[in-house]
Amino acid sequence: MSKGLPKRSEDYSAWYNEIVKRADLAENSAVRGCMVIKPYGFAIWEKMQGALDDMFKATGHQNAYFPLFVPKSFLELEEEHAEGFAKECAVVTHYRLKNNPDGKGLIVDPEAKLEEELIVRPTSEAVIWNSYKGWIQSWRDLPILINQWANVVRWEMRTRLFLRTAEFLWQEGHTAHATEQEAIEEAERMLGVYAEFAENWMAMPVIQGVKTPSERFAGAVETYCIEALMQDGKALQSGTSHFLGQNFAKSFDVKFVNKDNELEYPWATSWGVSTRLMGALVMAHSDDQGLVLPPKLAPIQVVIVPIYRAEEDLAQITAKVDPVINELRLLGISVKFDDDDKYKPGYKFAEYELKGVPVRLAIGMRDLENGTIEIARRDTLTKESRSIDGIAEYIRNLLDEIQQNIYDQALKFRDENTYIADSWDEFKELIDKGFVLAHWDGSAETEEKIKAETKATIRCIPLNSVEEAGEDVYSGKPSAKRVVFAKAY
RNA sequence: CGGGGCGUAGCACAGCCUGGUAGUGCGCUCGGUUUGGGACCGAGAGGUCGGAUGUUCGAAUCAUCUCGCCCCGACCA
C-alpha cells in the first residue's frame, strides 16, 4: 500500500503528478513553468541519453553545440518556421541591469538595449543553418550529420512536469544532404531509431507514421512521428523527424556545387526527442504503487534490503551478500545495498516500489540459515524465495524477462485499446478509449471539424497502413486508407 | 489569455464566517525500545500567517490593491 498515491482509475492526472514528485523524478521550480529535474529523474534521463547517443553515433552522427540565442533576423528568414514559433518565444532585449536609483533592488538598464533582440532558441534550425552556410560549398562537404544535446524554451501557457514545460532538455539532429532521396532516407532512418529506442529501451510500443499537413512542423515538407498510447487512452507524440526539403537552404542561402559543377540547394532533415519521454515512461507502465521502470533504463536495477536486529546480524548478512553484489556488478547490473538503519524494511519495500526498481532482494537471518534470499519483481509485484546459489545469473535473466514483460503488457494494452470505427457514432463512442482507426478523406477541413467536435486529432497516417477503399467516417467522402485518431497530450 | 481555486512551520492542512495567547499530522533533533510490508514512547526545535495599504484599541481573520502557484478551457513537443 502506498500512502496517499491517487489511483489511476480515479484521477489519472493527479496520479501522474504525484508519481513524478514522490518518486523524486522532478518538482516544480520557483520559475514559472520550469521544472527541477532531481537526481533520480536525471539518472533515468542520462540512461536515455546514453542509449540514444550510441544509436546516433552508430548511424554516423557527431555531436556539436550551437548558441542558446537566435538573433531575431535569423528566425524570421524561414517564414513558416517563424510564424509557427513566434507566439511562444522568450526574447532578450537588454544586456545589463543596474541598481534601482529610486530604491532597493535592480532594474533593467534602459541604456543597455540590444540593437537586435535575441530569441532564446525554441529550436535550432535557424542558428544551425546560418552556420551551415559557411560549412557547405561542394558536394564533397555533404552529408553533414550533426546532433546537439541542448535545452530549448517555448513559452507555454500551461505546463505539466515533463510533458510540457517552458524549458526542456532534448536532442536535435540537423542534417544536410546532396539529394532529396538521401534526406528522406535520413528522416526515415532516424524515425526508425526513435521507434527502436522506444520499444527496446523504454518498452513502449509506438506507431510510426507521418503527420497531416496541419500537424506538420513549421517549415517542414514532411513530419514523421512516433505515437504511443498512454494508460488513460490518450496519445503522446514521443518523437518527431522532419524532412525539411530545401526550405532552410533557400532561406539561409546555402548552396553547393554538385558533381556536374552546377549550384544546388542541399536537402535537410531535423529530428528530436525530449524530456517528454520521461513523462511517456511514467504514463506507459506505472501503477497505483508507483513507478515501473524497464530494467534497461532503471538507475538501480536491483536493490538489496537486509533484515536484521543486531549489528552482528547485519555483519553476517553483509558478508553473505557481498559476493552476490560483486557478481551482479560483473554482469553489468547496477545494485544498491540499502543498509541504512533509518528506515525499517517495510518502509524500504514501499519506497523502492514507488521508485520502480525492477528487482528487490530481501535477506534476513532466516535466509542465512536456509541459504535462501527473497526476490521480488516490481512489474508483477510477486515474490519468491530462492537459493542464493546462482542468484546473480538468475537475476540477469529475470531482468531480461521483466523488460520483455513490461513491453508485452504495454503492447497488450495498446492492442486492446485500438479500435476500428466505420461510422460517426462509433467514432464518437470509441474516441475516449484509445486509438481509433478510421477513414479520412484527406481534407484539412474534415480534420478540423472532427477536432472541433471531439477534441481528437489525427495522430498520424501510419507508415505500414494498408490500402483499403472506404468512406470518411465524418464526411462520407472516399478514402484510400485508415488513419490513427486519438485525443492527445 | 478567459473561468475557478489556493497562498498559515520543510511538507500536507485546520483556524478566517462571528477580529482578542498561531494550532494538528507527517517530517526534523535528542534519548530509549524496535526491525520478514510504510514501528513506538518520551523530550525538544521550528512561524515577519505571500506582499502592500486601509478599517480598528487590537488583523492570519474584515476591505482594497498587488504578486505567485495550482486546476479547467483556448494554444502547443
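Protein chains get the first letters and strands the later ones, always in sequence-line order, with residue 1 at the start of each. All values reported here derive from a predicted model rather than from experimental measurement.
Between the side chains of A/S214 and A/E447, a donor-acceptor pair is found at a separation under 3.5 Å. Remark: the A/R459 side chain and the A/T457 side chain contain an N/O donor-acceptor pair separated by less than 3.5 Å. No side-chain N or O of A/T159 forms a donor-acceptor pair with one of A/T165 less than 3.5 Å apart. For the residue pair A/E215/A/T223, the side-chain donor-acceptor check at 3.5 Å is not satisfied. A donor atom on one side chain and an acceptor atom on the other are found under 3.5 Å apart for A/E172 and A/H174. No side-chain donor-acceptor contact under 3.5 Å links A/Y12 and A/N17.
Here B/G73 sits opposite B/C1 as a Watson-Crick or G-U wobble pair (both hydrogen-bonding atom distances under 3.5 Å). Base pairing analysis places B/G47 opposite nothing; no Watson-Crick or G-U wobble pair with both distances below 3.5 Å involves it. Across all strands shown, B/U18 has no partner, as no Watson-Crick or G-U wobble contact with both distances under 3.5 Å is found. Searching all strands for a Watson-Crick or G-U wobble partner of B/G31 with both distances below 3.5 Å returns B/C41. Judged by Watson-Crick or G-U wobble contacts below 3.5 Å, the nucleotide B/G10 has B/C26 as its partner.
If you take atom C1' in B/G36 and the same atom in B/C26, they sit 25 Å apart, rounded to whole Å. Using atom C1' as the reference point in both B/A59 and B/U64, the two lie 15 Å apart (nearest Å). Rounded to whole Å, the separation between the P atoms of B/G46 and B/G32 comes to 24 Å. For B/C65 and B/U55, the C1' atoms lie 15 Å apart once the distance is rounded to whole Å. Atom name C1', nucleotides B/C6 and B/U18: the rounded distance is 23 Å, in whole Å. Between the P atoms of B/U29 and B/C71, the separation comes to 32 Å (whole Å). B/G7 and B/G47 are spaced 15 Å apart, taking the C1' atom of each and rounding to whole Å. Rounded to a whole angstrom, the distance from the P atom of B/C62 to that of B/G15 is 12 Å.
Separating the CG atom of A/D338 from the P atom of B/G38 is a distance of 16 Å, rounded to the nearest angstrom. The NZ atom of A/K355 sits 20 Å away from the P atom of B/G38 (whole-angstrom rounding). Counting to the nearest Å, the C1' atom of B/C71 and the CD atom of A/E18 are 14 Å from each other. One atom, CG of A/D11, and another, C1' of B/C70, lie 13 Å apart when rounded to the nearest Å. B/G36 atom P lies 17 Å from atom CG of A/N370, rounded to whole Å. Rounding to whole angstrom units, CD of residue A/E448 and C1' of B/C75 are separated by 12 Å. Going from atom CG of A/D288 over to atom C1' of B/G37 covers 17 Å, rounded to whole Å. Regarding A/K455, its NZ atom lies at a distance of 10 Å from the C1' atom of B/A74, rounded to whole Å.
Between B/G36, B/A74, B/A77, one nucleotide has an atom nearer to the side chain of A/R276 than all others, and that is B/A77. Residue A/R366 places its side chain closer to B/G36 than to any other of B/G36, B/G37, B/C75. Among the nucleotides B/A77, B/G36, B/G37, the one closest to any side-chain atom of A/T165 is B/A77. When each of B/A77, B/G37, B/G38 is scored by its nearest atom to the side-chain atoms of A/R22, the top-ranked nucleotide is B/G38. Of the candidates B/G36, B/A77, B/C69, B/A77 carries the atom nearest the A/Q237 side chain, counting heavy atoms from C-beta on. Considering only the side chain of A/K87, B/C75 comes nearest among B/A77, B/G36, B/C75. The side chain of A/M157 has B/C1 as its nearest neighbour among B/G36, B/G38, B/C1.
Across all strands shown, A/R360 has heavy atoms under 4.0 Å from base atoms, whether or not it also approaches the sugar-phosphate. Here A/R154 lies in heavy-atom contact (under 4.0 Å) with a base. Within 4.0 Å of A/S274, counting heavy atoms only, lies at least one base atom of the nucleic acid. Among the atoms of the strands shown, base atoms are found under 4.0 Å from some heavy atom of A/L163. Residue A/K21 is out of contact with every strand shown, counting any heavy-atom pair closer than 4.0 Å.
With hydrogens and angles left out, the side chain of A/E351 and the base of B/G37 share no donor-acceptor pair within 3.5 Å. Applying the 3.5 Å distance criterion, the base of B/G37 shares a donor-acceptor pair with the side chain of A/K383. With hydrogens and angles ignored, no donor-acceptor pair under 3.5 angstrom links the side chain of A/R309 to the base of B/G36.
With sequence neighbours excluded, the residues satisfying side chain to side chain contact (heavy atoms under 4.5 Å, CB included) with A/K355 are A/D24, A/Y40, A/E351. Every residue two or more places apart in sequence or in another chain that forms a side chain to side chain donor-acceptor pair (under 3.5 Å) with A/Y474 is listed here: A/E453.
By the neighbour-count criterion of 12 heavy atoms within 6.0 Å, atom NZ of A/K234 is densely surrounded, having more than that number from other residues, nucleotides or ligands.
Regarding contacts with the backbone of B/G36, a side-chain N or O of A/K344 is found under 4.0 angstrom from either OP1 or OP2. Close to B/C71, at under 4.0 Å from its OP1 or OP2, lies a side-chain N or O of A/N17. For the pair A/N28 and B/C70, the criterion of a side-chain N or O lying under 4.0 Å from OP1 or OP2 is met. Within the structure, a side-chain polar atom (N or O) of A/K342 is placed less than 4.0 Å from OP1 or OP2 of B/C28.
Of the two residues contacting RNA chain B, namely A/T159 and A/R459, the nearest-nucleotide position lying further toward the 5' end is that of A/T159. In terms of position along RNA chain B, the nucleotide closest to A/M365 lies nearer the 5' end than the nucleotide closest to the other residue of the pair A/E215 and A/M365.
Taking a 4.0 Å limit (strictly below) on heavy-atom distances, residues 166-173 of chain A reaches RNA chain B at A/F168.
Classification of A/E353 and A/R360 as a salt-bridged pair holds, one side-chain N sitting under 4.0 Å from a carboxylate O.
In this structure, A/R386 forms a cation-pi arrangement with A/Y394, its terminal cationic atom sitting closer than 6.0 Å to the ring centre and no more than 45° off the ring axis.
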